[in-house]
Every structure is written in C-alpha cells, then in structure tokens.
Amino acid sequence: MIKISPFSKKVYQLTKQVPKGKVTTYKQIAKALNTKAYQEVGQALRNNPYAPKVPCHRVIKTNGLIGGFNGKTKGKEILKKISLLKKEGVKIKENKVLNFKTILFTFS
DNA sequence: ATTATGACTTATT
DNA sequence: GAATAAGCCATAA
C-alpha cells in the first residue's frame, strides 16, 4: 500500500476520466481541482503509482506539446506510452499532438 | 517553520 | 517563433 498525496489522488481520478483517443492538459486538470498548481499535476503523474490505470501520456502541455516524458526524462520507456497514444488514434508529430484542440478533453 | 524542487505557465527578450 | 526569466502552488526533506 503506497501513500499518495491528496492532491495527486485527485489528479489520478481526473486523469482516469479521460476517454481513450483524447488528451487533456495540466491546466485543465488544475482548473478542475480549482487550483493553479499545474506543476503538481505533472509531479503527481511522475509518481504515477497507477501505471496503466492512469494514462499519464494522455496529459500534455497546454500549448499542445507533449510533456517532459519524451527525452527530458531519463526513462525512455515513456516513449512507449506515446506510441500507444498514437495507436489509440491520437496523431502525434515529433513531440506535439495534432488536432490537439479537437481531441482535447475538458472536465467541464 | 524554512528551504529546495518540479512530467508547468506566462511574459519578456 | 525560439530561448530565458520569473511566477505560482503543493510536496518532500
């Protein structure tokens, strides 16, 4: 049993709600939580205790670019997640998502 | 309580 | 449009 921060927990819940073939942004999640700790969202995903349960690869930056999980981070296995995302129908070019605004999922 | 860090964002150069 | 600096919020030590 791992211990997680209450904030991260919410982040996971929201991230789980993201449907397949869509993506969301850190800002949207933070906004859904009524906060501005965008970085906290990223940090929560970085923890990612629920690997397949939480599609962290579906969470990207606000400008449509992929997060730091593609070369900045040491682990390159995350690249696989991006590939998976592409398989789901999300077109990714280099490090950015195509039609990003179209497939963007919000927590309205 | 204080300091340091960050899978971010926005503004400025 | 790209690179740099500063800002903001929560967590960990």
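Numbers restart at 1 for each chain; the letters A, B, ... are given by sequence-line order, proteins then strands.
- Look at NZ on A:Lys10: it is 14 Å from C1' on C:dC9, rounded to the nearest Å.
- Considering only the side chain of A:Tyr38, B:dT9 comes nearest among C:dT11, B:dT9, B:dG6.
- Within the 3.5 Å criterion, the main-chain N or O of A:Leu65 finds a donor-acceptor partner in the side chain of A:Asn63.
- Rounded to whole Å, atom P of C:dA10 lies 15 Å from atom CD1 of A:Ile29.
- Between the NZ atom of A:Lys61 and the C1' atom of B:dT10 there is a distance of 12 Å, rounded to whole Å.
- Atom pair A:Leu45:CG and C:dC9:P shows a separation of 20 Å (rounding to whole Å applied).
- One interatomic measurement links the two molecules: NZ of A:Lys31 to C1' of B:dT10, which rounds to 14 Å at whole-angstrom precision.
- Comparing A:Ile60 and A:Gln43, the nucleotide of DNA chain B nearest to each residue sits closer to the 5' end for A:Gln43.
- With rounding to whole Å, A:Glu40 atom CD is found 15 Å from B:dT9 atom C1'.
- A straight line from CG of A:Asn34 to P of C:dC8 spans 18 Å, rounded to a whole angstrom.
- OP1 or OP2 of C:dA10 has at least one side-chain nitrogen or oxygen of A:Thr35 nearer than 4.0 Å.
- Counting any heavy atom pair closer than 4.0 Å across all strands shown, A:Phe7 reaches sugar-phosphate atoms only and no base atom.
- With A:Tyr12 contributing its side chain and A:Ala44 its backbone, the two residues share a donor-acceptor pair below 3.5 Å.
- The backbone N or O of A:Ser8 lies less than 3.5 Å from no partner atom in the side chain of A:Ser5, so there is not a single donor-acceptor pair.
- At the phosphate of C:dC8, neither OP1 nor OP2 sits under 4.0 Å from any side-chain N or O atom of A:Lys36.
- Test A:Lys22, A:Lys81, A:Glu88 against A:Arg58 for side chain to side chain contact (heavy atoms under 4.5 Å, CB included) and you get one pass: A:Glu88.
- By the 4.5 Å heavy-atom criterion applied to side chains, A:Phe7 and A:Val41 are not counted as neighbours.
- A sub-4.0 Å separation between OP1 or OP2 of B:dC8 and a side-chain N or O of A:Thr25 is absent.
- If you check B:dG6, C:dA10, B:dC8 against the side chain of A:Ala37, the one that comes closest is C:dA10.
- Among the heavy atoms of the strands, none lies under 4.0 Å from A:Gly67.
- The nearest whole Å value for the distance from the CG atom in A:Leu33 to the P atom in C:dT11 is 11 Å.
- The nucleotide whose nearest atom lies closest to any side-chain atom of A:Ser5 is, among B:dT9, C:dA12, B:dG6, C:dA12.
- Both A:Ser8 and A:Gln39 lie close to DNA chain C; mapped to their nearest nucleotides by heavy-atom distance, the more 5′-ward contact belongs to A:Gln39.
- For the pair A:Lys27 and B:dT9, the criterion of a side-chain N or O lying under 4.0 Å from OP1 or OP2 is not met.
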